[in-house]
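Some notes on the structure that comes next.
Side chains included, hydrogens not; waters and symmetry mates left out as well; all remaining heavy atoms used.
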Amino acid sequence: MARVLASARGLPAVVVGADAYGDDMALRVLPDGKHPMPETPTVLGIGAGKSAERPQPTGPIGLAEQGSRPRYEDLWREGSHELSPFVRVVPGFQTAEQGASASWQVLAAALEAQNGAVFADLGRIHTGSPSMPIAAAADAIIPVCRGDQISVQTMVARLELLVSAIAERNRRPPVVVPVVIADRRHGDAIAQAVAKILSDSAVAAAVRGVAWLAWDPAGVADLDNGRDPWEKPLRKSALMRSARKAMWHLGLATGLDHEEPNVKPAGGKGKRARTTASPGEQLRTNHAAELPQAAAPAPPLQPGWPRQVASGESSPSHVSSIEESHR
């Protein structure tokens, strides 16, 4: 999910695998469509701690330099792998045991210090997870659920705990922008139904709208195989169409700027259409129902929607945290 949203930004973004219990990004993502990414760098190199990826200093000068500044000050230029022209990725580790040596406070500080957009995939985080410092530092929490009643109820229950813990830690509630994986025909209606449920929950004040992404396994596979999300056929896919709407929502909630590369106005040359949400727009829009499009009447939430296969960041200094509520 993090890779999908980052790909819809149309501007440079870095996706970081930060699931404390391991993920399969290193195996799933094939930038050239055939071969996995090199073994390093990974997220262990950012959360230096006792990581094996941390280079050993060769002398007193090297030791002083290592302690005076964070590693990978610019993840776009070093410490990441290219996925597509506007997206680079930092894979996580595959098992929880591998992550036991990571310093999560160091990792959170490094991500927060980035000058560009960062989308951190936190996996199935809970209030006792070592990755909580990243969630607390994020500009937005993006919980992900399916469009069925059980998944939505699970997301709400977990959100109530997470929002409370982050609010206590930061002395203010986080910005929350839930994303629902839904059938493309009913995405708007299901997002509205989820927004209604959240409006009656304890986290209502923290929620800044509900977005949705289309259930599109083929689109996800193309994205993970390094296809350009701004070129056909991926640009016209249900996945990327819905992702661009979700990015619009995220921009309203956080001020994240985004563009649409290769937009060709009538009679003109190709150019990028830039979008930046104004404070007034942010105040006027806080529900999925306010998307600029007609929505069908909301059907009841279904118990049998298929599970998502996509594994589940903003202007400078924004870190958006991706949290999958139910796999």
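With a 4.5 Å cut-off on side-chain heavy atoms, Val179 and His249 do not count as touching. Side-chain contact between Asp19 and Leu122 is absent, with no heavy atoms from C-beta onward closer than 4.5 Å. In this structure, Arg158 and Arg124 have side chains that are in contact, with non-hydrogen atoms separated by less than 4.5 Å. Contact check for Val220 versus Leu239: side-chain heavy atoms found under the 4.5 Å cut-off.
Considering all non-hydrogen atoms of both residues, Pro178 and Met155 come closest at CB-SD, 4.1 Å. Across every non-hydrogen atom of Lys236 and Arg241, the tightest pair is O-NE, 3.1 Å. The shortest non-hydrogen separation linking Pro12 to Ala117 is O-CB, 4.0 Å. The shortest non-hydrogen separation linking Ala8 to Met247 is O-CG, 3.9 Å. Here the closest non-hydrogen pair linking Cys145 and Ser151 is CB-OG, 3.4 Å. What you find for Asp121 and Ala2 is that their closest heavy atoms are CB-CB, 4.1 Å.
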Please list every donor-acceptor pair under 3.5 Å in which a side-chain atom of residues 29-38 meets a protein atom from a residue at least two apart or in another chain.
unit_1: Asp32; atom_1: OD1; unit_2: Lys34; atom_2: N; d: 2.9
unit_1: Asp32; atom_1: OD1; unit_2: His35; atom_2: N; d: 2.7
unit_1: Asp32; atom_1: OD2; unit_2: His35; atom_2: ND1; d: 2.7

Pair up each side-chain donor or acceptor in residues 84-94 with any protein partner under 3.5 Å, not counting sequence neighbours, and list the distances.
unit_1: Arg88; atom_1: NE; unit_2: Trp76; atom_2: O; d: 3.2
unit_1: Arg88; atom_1: NE; unit_2: Ser80; atom_2: OG; d: 2.8
unit_1: Arg88; atom_1: NH2; unit_2: Ser80; atom_2: O; d: 2.8

Return a table of donor-acceptor pairs under 3.5 angstrom between the side chains of residues 225-233 and protein atoms on other chains or two or more places apart.
unit_1: Asn225; atom_1: ND2; unit_2: Ala221; atom_2: O; d: 3.2
unit_1: Asp228; atom_1: OD1; unit_2: Trp230; atom_2: N; d: 2.9
unit_1: Trp230; atom_1: NE1; unit_2: Ser7; atom_2: O; d: 3.1
unit_1: Glu231; atom_1: OE2; unit_2: Asn262; atom_2: ND2; d: 3.3

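Atom CH2 of Trp104 sits about 9.5 Å away from atom CG of Leu111, to the nearest 0.5 Å. How far CG of Leu250 is from CZ of Arg9: 9.5 Å, rounded to the nearest 0.5 Å. Considering CE of Met240 and CG of Leu234, their distance stands at 6.0 Å, rounded to 0.5 Å. The CG atom of Leu162 sits 6.5 Å away from atom OG1 of Thr127, with the distance rounded to the nearest 0.5 Å. Distance check: Leu107 CG to Leu44 CG gives 9.0 Å after rounding to the nearest 0.5 Å. In this structure, the separation between CG on Leu159 and CD1 on Ile141 is 9.0 Å, given to the nearest 0.5 Å.
Salt-bridge annotation for Asp224 and Arg3: present, with a side-chain N of the basic residue lying under 4.0 Å from a carboxylate O of the acidic one.
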Exercise. Just do the side chain to side chain donor-acceptor pair (under 3.5 Å) check on Ser129 and Tyr21 with the steps written out, would you?
Key: CA-CA 9 Å; Ser129 296; Tyr21 309 104; 3.0 Å; yes
Exercise. Apply side-chain contact (heavy atoms from CB on, under 4.5 Å) to the pair Ile166 and Met132, showing each step before the final yes or no.
Key: CA-CA 8 Å; Ile166 294 173; Met132 275 296 288; 3.9 Å; yes
Quiz prompt | side-chain contact (heavy atoms from CB on, under 4.5 Å) assessment of Trp215 paired with Ile181 | solution = CA-CA 6 Å; Trp215 166 254; Ile181 307 300; 4.2 Å; yes
Quiz item: Step by step, would you call Asp74 with Asn115 a side-chain contact (heavy atoms from CB on, under 4.5 Å)?
Solution: CA-CA 7 Å; Asp74 186 345; Asn115 288 324; 5.9 Å; no
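When the side-chain contact (heavy atoms from CB on, under 4.5 Å) test is applied to Ala246, the partners found at least two apart in sequence or on another chain are Leu5, Ala211, Leu213. Among residues two or more places apart in sequence or in another chain, the side chain to side chain donor-acceptor pair (under 3.5 Å) test is passed with Gln98 by Thr95. Not a single side chain to side chain donor-acceptor pair (under 3.5 Å) links Arg172 to another residue, sequence neighbours left out. For the side-chain contact (heavy atoms from CB on, under 4.5 Å) test, residues two or more places apart in sequence or in another chain that qualify with Ala214 are Arg184, Trp212, Ala238, Ser242. A search for side-chain contact (heavy atoms from CB on, under 4.5 Å) contacts involving Ser201 returns Val156, Glu160, Leu198, Val203, not counting sequence neighbours. Annotation: salt bridge (Lys or Arg N to Asp or Glu O under 4.0 Å) contacts of Arg171 (sequence neighbours excluded): none.
Remark: side-chain polar atoms of Gln114 are paired, donor with acceptor, to backbone N or O of Leu75 under 3.5 angstrom.
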